[in-house]
Engineer: 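The structure follows.
Owing to the predicted nature of the structure, the values given are computational and were not obtained by experimental measurement. In what follows, chains are A, B, ... by sequence order, proteins preceding strands, each numbered from 1. Values below: every heavy atom of this structure, side chains too, minus hydrogens, waters and symmetry copies.
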There are 2 protein chains.
Amino acid sequence: MPTQTEENYLKAIFKLSGNEKELVSTNAIAEELETKASSVSDMVKKLSEKNLINYVKYQGVSLTNEGRDLAVHIIRKHRLWEVFLVNRLNFKWDEVHDIAEQLEHIRSSELVNKLDAFLCYPNYDPHGDPIPNAKGEFPKTTAIPLSEVQSKSKVKVVAVELDEPGFLNYLDKLNISIGTQVEILEVNDFDDSIDIKIDDVQRHISVEVAENILISVL
Amino acid sequence: MPTQTEENYLKAIFKLSGNEKELVSTNAIAEELETKASSVSDMVKKLSEKNLINYVKYQGVSLTNEGRDLAVHIIRKHRLWEVFLVNRLNFKWDEVHDIAEQLEHIRSSELVNKLDAFLCYPNYDPHGDPIPNAKGEFPKTTAIPLSEVQSKSKVKVVAVELDEPGFLNYLDKLNISIGTQVEILEVNDFDDSIDIKIDDVQRHISVEVAENILISVL
DNA sequence: TATAATTTTTAGACATGTCTAAATTAATAT
DNA sequence: ATATTAATTTAGACATGTCTAAAAATTATA
Ligand SMILES: [Mn+2]
Ligand SMILES: [Mn+2]
Ligand SMILES: [Mn+2]
Ligand SMILES: [Mn+2]
C-alpha cells in the first residue's frame, strides 16, 4: 500500500508524463508538488525500489504499469468525488478541488465503486476531465486547447485544464462553463489573444486563458 | 490544526472519559488506540502544550473545552459519513466503520454541513449513536444497556455500543437491528444471560452481547 | 510502614518525509 | 575541448510518531 505522499508523487508523475509517456524530471516533480528537488530524489528512489516507477539516475522517471494503474485509480477517485461534491452537495466547480485532494486518498475499492454507481457512472468530472472506469480505462476525448483554434469557427467548451479557483472564477465571470458555445471572431497574431462571442456578447481572452480551455469544433 | 493522529487521541479520550468526564489513564488510551503507553505519554504532553487536554503527570488526562469540541466534531463527521454510506451508498451497517474512520479526518466544515443537509440532518447514525449538530450539541437519548433490564418487559433496540463487524453480523443473525422490538422473558442469575423473544422466535443471548445493545423500555 | 506490584514516564533508537548545503553529473557556451 | 551553468544527487539535520528497555512514581499488599 503506498502512503498518501507516495500517491501524490505517482499522480504528479502521471500528470507530467503526458500522453506520450515522456520521462519526467526531478525538477518538474518538485515544482508540481511544491517541494524541493532533493526530497524528490529521495522519494523517487523509494518508488523505484517498490517497482512503481522506472528510474535511472540523472535521466528522469516513468511509471511502471503498476504505478500507472495506481495513479489512474487515484485520479478516478478524485474526479468521482468532485462529481459528488458538485452534483449532490451543490458545491460550485471552483470549490471542490482541494476537498477532492483529500478524498482521493480514502482507501476502499468498495466505496469507489458504490460511489460510481450512485453517481450513475459519470464519464466526466465538473471540469470536463475524463473519469477512468473501474478497469482504469479513460473515455475517449478529442478535445483541443482553444488556443489552437483557427479563426472564424464555432466551438463548444468541453473541459478546463486548471482546477484553481482563481481561474474558474474568472471563467464564471466570462460566462464560460462546460458546454458553453463560443464563436471565434479573431485571433490576434501579436499576443495570440482571441476575440470571442458568447450569447451575442463579445469578449476578449488572453492566450493564457485560451490554453486552459479545451474545446471541440462544432 | 491537529494532525490525524492527534484527532484520534482526542476521540479516544472523549470516548473513555464518559458522561461524568472522569480522568483518563495513559494505559486506557494505549489500549483504545492499540499503541504503547510510552507513545501515549509523549502525545499527551504535546496535546497538553496545545491546550487540548488537561494533564498532570501520573494523574491522567481530561479534555479542555477546545479539545472536547474538536473530538465532538470528529465524531459528528464519523457518524454523518456512516449515514451516507448506509443510506445512500447501500453499505451494510457492519461495513462502514473502517471507512468512516478515514472519512472523519477530511477537513472542510463546508463539506460536513452540506453533507448534513444532504442527509436531511439525521439525529442518529446506522448504529443508533447520536449525531452532534453543527454546534456540537448531541440529541438527547435515554437509552440503557439491555443487560440492565428487569425481567418480563418489552423493549425496543435504539443503538449498539460496538461497531465491530463480528458483533454486528451476529446481531443480523439474531434478527436484531435498530428499532427491533424485544420481549425479555427471563434473566438468568447464574451468568446474566437473557432469554428473549423476537417476532415470536425465542432466543438466548449472553451478557456480553446484552451489554452492547442499548434499548428503551416500551 | 516497608515491600512488592503496577502504572507511568524518560532515554535512546528507528522510520518517514522534509530541508539546506555541498558534491557530482550533465548540458551549454565559448 | 574546456569552462561555465544548470540539474541532480548525497550528506547531514530536523520534525513527527512510534517502539523497547530502564527509571521513577504510584498503588496495593503484607
Ligand atoms: Mn481537481
Ligand atoms: Mn477536476
Ligand atoms: Mn463507527
Ligand atoms: Mn456508528
Engineer: Take atom CD of B:E49 and atom P of D:dT16, then tell me their distance rounded to the nearest Å.
Structural biologist: 10 Å
Engineer: Expressed in angstrom and rounded to an integer, what is the separation of A:M1 atom CE from C:dT16 atom P?
Structural biologist: 16 Å
Engineer: Does the pair B:E7/B:R107 count as a salt bridge with the N-to-O cut at 4.0 Å?
Structural biologist: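 Yes, this pair counts.
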Engineer: Ignoring backbone atoms, establish whether B:T3 has a side-chain N or O less than 4.0 Å from OP1 or OP2 of D:dT16.
Structural biologist: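 For B:T3, the contact criterion (side-chain N or O under 4.0 Å from OP1 or OP2 of D:dT16) is not met.
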Engineer: For B:E7 and D:dT16, what is the distance between atoms CD and C1' respectively, to the nearest whole Å?
Structural biologist: 15 Å
Engineer: Write down the distance between NZ (A:K45) and P (D:dT9), rounded to a whole number of angstrom.
Structural biologist: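 Spelled out: NZ on A:K45 to P on D:dT9 is 8 Å.
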Engineer: Show the nearest heavy-atom pair for residues B:N8 and B:L33, with the distance to one decimal.
Structural biologist: O-CD2, 3.8 Å
Engineer: Where the side chain of B:A37 is defined as all heavy atoms beyond and including C-beta, which of C:dT9, C:dT24, C:dC19 is the nearest nucleotide?
Structural biologist: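 Of all the options, the side chain of B:A37 is nearest to C:dT9.
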Engineer: Please determine if a side-chain N or O atom of B:N27 lies less than 4.0 Å away from the OP1 or OP2 oxygen of C:dT8.
Structural biologist: yes
Engineer: Does OP1 or OP2 of C:dT16 have a side-chain N or O of A:T5 closer than 4.0 Å?
Structural biologist: no
Engineer: Taking atom P of D:dT16 as reference, at what distance in whole Å does atom CG of B:L47 sit?
Structural biologist: 12 Å
Engineer: Closer than 4.0 Å, any side-chain N/O of A:Y55 to the OP1 or OP2 of D:dT8?
Structural biologist: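 Looking at the OP1 and OP2 atoms of D:dT8, neither is under 4.0 Å from any side-chain N or O of A:Y55.
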Engineer: How long is the straight-line distance from OG of A:S177 back to CH2 of A:W93, given to the nearest 0.5 Å?
Structural biologist: 6.0 Å
Engineer: Find the distance B:M43:CE to D:dT16:P and express it as a whole number of Å.
Structural biologist: 10 Å
Engineer: Report yes if the distance between the aromatic ring centroids of A:H97 and A:H127 is under 6.0 Å, otherwise no.
Structural biologist: no
Engineer: Counting only side-chain N and O atoms of A:Y9, is one of them less than 4.0 Å from OP1 or OP2 of C:dT16?
Structural biologist: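 Answer is no, no contact under 4.0 Å.
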Engineer: Select base, sugar-phosphate, or nothing to describe what A:S41 touches, counting heavy atoms under 4.0 Å on all strands.
Structural biologist: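 If one applies the 4.0 Å heavy-atom cut-off, A:S41 turns out to touch a base.
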Engineer: Could you tell me how far apart B:E6 (CD) and D:dT18 (P) are, to the nearest whole angstrom?
Structural biologist: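 Rounding to the nearest Å, CD of B:E6 and P of D:dT18 are 10 Å apart.
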Engineer: According to a strict under-4.0 Å criterion, is B:K36 in side-chain N/O contact with OP1 or OP2 of D:dA21?
Structural biologist: no
Engineer: On the side chain of B:S38, is there an atom forming a donor-acceptor pair with the base of D:dT20 - under 3.5 Å, no angle test?
Structural biologist: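 Yes, a donor-acceptor pair under 3.5 Å.
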Engineer: For A:D42 and D:dT9, give me the distance from atom CG to atom P, rounded to whole Å.
Structural biologist: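 These atoms are roughly 10 Å apart.
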Engineer: Using a strict cut-off of less than 4.0 Å between a Lys/Arg side-chain nitrogen and an Asp/Glu carboxylate oxygen, indicate whether A:R79 and A:E104 qualify as a salt bridge.
Structural biologist: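 Salt bridge: no.
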Engineer: Do any side-chain nitrogens or oxygens of A:K57 fall under 4.0 Å of OP1 or OP2 in D:dT10?
Structural biologist: yes
Engineer: Considering heavy-atom distances to DNA chain C, does A:S39 or A:Q59 have its closest nucleotide positioned more toward the 5' end?
Structural biologist: A:S39
